[in-house]
Amino acid sequence: MDNNSKVRVRFAPSPTGYLHLGSLRTALFNYLFARHNKGKFILRIEDTDQSRKVEGAVENLINVLKTMGLDYDEGPDVGGDYGPYFQSERLEIYKKYCSGLLEKGYAYYAFETEQELDEMRRVQQMQGRQTMYNRRARHLTENEVKEKLASGVPYVVRLKVPLDTEIKFTDIIRGNVKIETNLIDDQVLLKSDGYPTYHLANVIDDHLMGITHIIRGEEWLTSVPKHIILYNAFGWDVPKMAHVPLILNPDKTKLSKRQSDVATEDYLKKGFLKEALVNFMALLGWNPGEGESREIFSKEELIRLFSIERVNSAGAVFNIEKLNWMNSEYIKNYDLEKLVDLSIPYLNKGGIDTSDLVKTKRVVFAIRNYISKLDEAPQQARVYYKNDSLNDEQKKIIGNETSKRVLSLLISKLESLLEINADNFKPLLSEVQKESGVKGKDLFMPVRLALTSEEHGPELGLIAYVLGKNEVLNRLKTFQK
RNA sequence: GGCGCAUUGGUGUAAUUGGUUAACACGCCGCCCUCUCAAGGCGGAAAGUACGGGUUCGAUCCCCGUAUGCGCUGCCA
């Protein structure tokens with residue numbers, strides 16, 4: 001990487017109300033790139049569409065980024081030397097630079113109404129021609145423009161795209177791209193409500209904020225020429241660019257609400273761990289290569305290994321099965337205390353009383369191998385809290401002679417045991433087996449029924465450990481007589 | 001329709017500068033472990049690299065075309 005200038009990258013979402021998984025990954029790639037290069041990661045809110053304002057969207061966005069651990073160096077709530085970081089608070093800046101473009105003839109006023117433009121498009125469509133602004137306001141005389149402005153007719157400012165040439169650029173991920181300028185629309189830069197469009201605001205802000213690398217979604221690739229025209233008009237350097245591929249549904253269409261959850265919040269809510277989510281999203285479209293076959297990486301490792309050049313250029317299907325697997329790997333290996341803290345809300349929500357912290361901890365220890373995400377915790381934990389009566393079939397099993405022999409033998413052995421831990425209950429059963437000659441199902445099922453009133457469940461050692469010596473004895477004794 | 005981008009097993013990916021029996025992981029199947037359910041261990045099926053042409057002694061890798069998918073084609077971002 002070139003270290004001449006300090007790396008500065010930005011994540012520039014428009015606040016739509018939730019953080020789309022695709023945006024999450026774009027943010028993550030920006031973050032990893034910045035941290036890898038010891039640069040700055042900036043959050044900028046692109047709220048220039050007044051009609052799409054969503055209450056509380058920014059707060060939510062910031063919240064999710066923070067819980068995901070994607071901390072930024074500059075942004076709305078943390079400040080920085082290049083603010084403000086809300087585009088809606090930078091209107092004067094855009095106007096100023098836009099006037100500059102107007103003066104130098106790189107942009108022009110246009111006065112069509114939306115209805116007129118719709119009509120223009122409709123006609124073009126009917127004629128099978130490309131739909132784009134016909135650039136007619138370019139030919140307005142100076143006086144015509146003056147008159148219209150003076151009379152207060154609403155106007156927009158449009159980019160005067162240079163005709164009959166080609167714009168070439170190099171994308172870090174995709175290589176060289178070129179587009180004929182005649183196919184590029186005279187994009188609106190300043191809307192009639194005085195707000196800039198994405199194209200104008202984005203170019204000005206990226207320059208003013210000293211952005212060195214633009215890492216963003218693939219959907220922006222075809223707008224790059226417009227941006228380059230703007231950079232040239234302003235006389236500014238064009239930042240390096242990397243357009244990351246889309247995340248797809250299983251049928252390879254763009255990831256959509258119709259086919260799966262798309263909001264990062266939804267996955268967090270279901271009990272995917274942020275570490276697993278980060279790990280998984282990083283590997284969706286990127287990998288460290290060089291014969292690396294591991295797939296579990298901490299954030300620190302990802303930072304160390306990440307390089308934007310190794311991001312894939314094709315879209316990647318979001319494979320929930322693999323996320324499930326990865327999340328279960330994290331759950332299995334997570335710090336137990338922390339996992340307990342994270343699990344408690346889920347257990348409570350499932351109606352499980354967690355006030356006995358010692359037991360709760362044992363329960364979490366016991367279920368961690370059985371769940372792939374936290375919202376499965378209550379269902380797996382339930383068995384450790386139940387004390388139902390047995391049905392007739394089960395009573396028959398537990399009431400027979402061998403079962404009684406097993407239970408009494410086990411009770412006597414248990415009584416001499418100080419405390420049950422995760423490993424010392426199973427050996428007890430082996431002893432019972434040796435001494436009684438009872439083995440297999442005949443040995444285990446009465447114990448299982450006595451302890452859980454279920455024929456299926458986790459291994460008995462775990463169950464005994466979770467219930468504790470007293471409770472185990474109580475339950476066994478109920479069925480001894 | 002036009003323009004742009006993409007294309008390795010079902011999915012995510014790997015394959016030093018073109019030379020490999022095309023590798024790994026998820027998922028799937030089977031076996032082992034086992035009272036059951038997971039976990040774990042072992043093994044298997046699964047792509048000849050979208051298709052068709054080139055270039056080359058040799059192409060997953062370079063070039064062209066076709067197909068397919070996606071993106072853009074807004075006073076949305």
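These values consider heavy atoms only, across backbone and side chains, with no hydrogens, waters or symmetry-generated copies.
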For B:rA15 versus B:rA23, give the span between their C1' atoms, rounded off to a whole number of Å. 7 Å

Between A:Arg382 and A:Gly350, is there a donor-acceptor pair closer than 3.5 Å when you use the side chain of the first and the backbone of the second? yes

Determine the contact category for A:Val156: base if any of its heavy atoms lies under 4.0 Å from a base atom, sugar-phosphate if only primed atoms, P, OP1 or OP2 are that close, otherwise nothing. base

Please say whether the positively charged group of A:Arg362, taken as NZ for Lys or CZ for Arg, lies over the ring of A:Tyr384, i.e. under 6.0 angstrom from the six-membered ring centre and within 45 degrees of the axis. no

Take the protein atom CD1 of A:Ile179 and the nucleotide atom P of B:rC5, then report the distance between them rounded to whole Å. 7 Å

When A:Phe306 is tested against each of A:Phe297, A:Trp286, A:Phe33 for ring-ring contact (aromatic ring centres under 6.0 Å, His included), which residue passes? A:Trp286

Just N and O in the side chain of A:Lys332: are any of them under 4.0 Å from OP1 or OP2 of B:rG40? yes

With rounding to whole Å, what would you report as the distance between B:rU66 and B:rG2 at their P atoms? 11 Å

Which part of the nucleic acid, if any, lies within contact of A:Thr253, taking any heavy atom under 4.0 Å across all strands shown: a base, the sugar-phosphate backbone alone, or nothing? sugar-phosphate

Select base, sugar-phosphate, or nothing to describe what A:Asn176 touches, counting heavy atoms under 4.0 Å on all strands. sugar-phosphate

Does A:Trp325 stack onto the base of B:rC26, taking stacking as ring centres under 5.5 Å apart and planes under 30° apart? no

At less than 4.0 Å, is any side-chain N or O atom of A:Asn312 found next to OP1 or OP2 of B:rA14? Yes or no. yes

Specify the glycosidic conformation (syn or anti) of B:rG48, with syn defined as within 90° of 0. syn

Is A:Gly457 touching bases, backbone alone, or none of the nucleic acid, heavy atoms closer than 4.0 Å? base

Counting just side-chain N and O atoms, does A:Arg129 come under 4.0 Å of either OP1 or OP2 of B:rG1? no

Can you tell me, in whole Å, how much space there is between the C1' of B:rA25 and that of B:rG58? 31 Å

Phosphate-side-chain proximity, A:Lys252 and B:rU11, N/O vs OP1/OP2 below 4.0 Å: yes

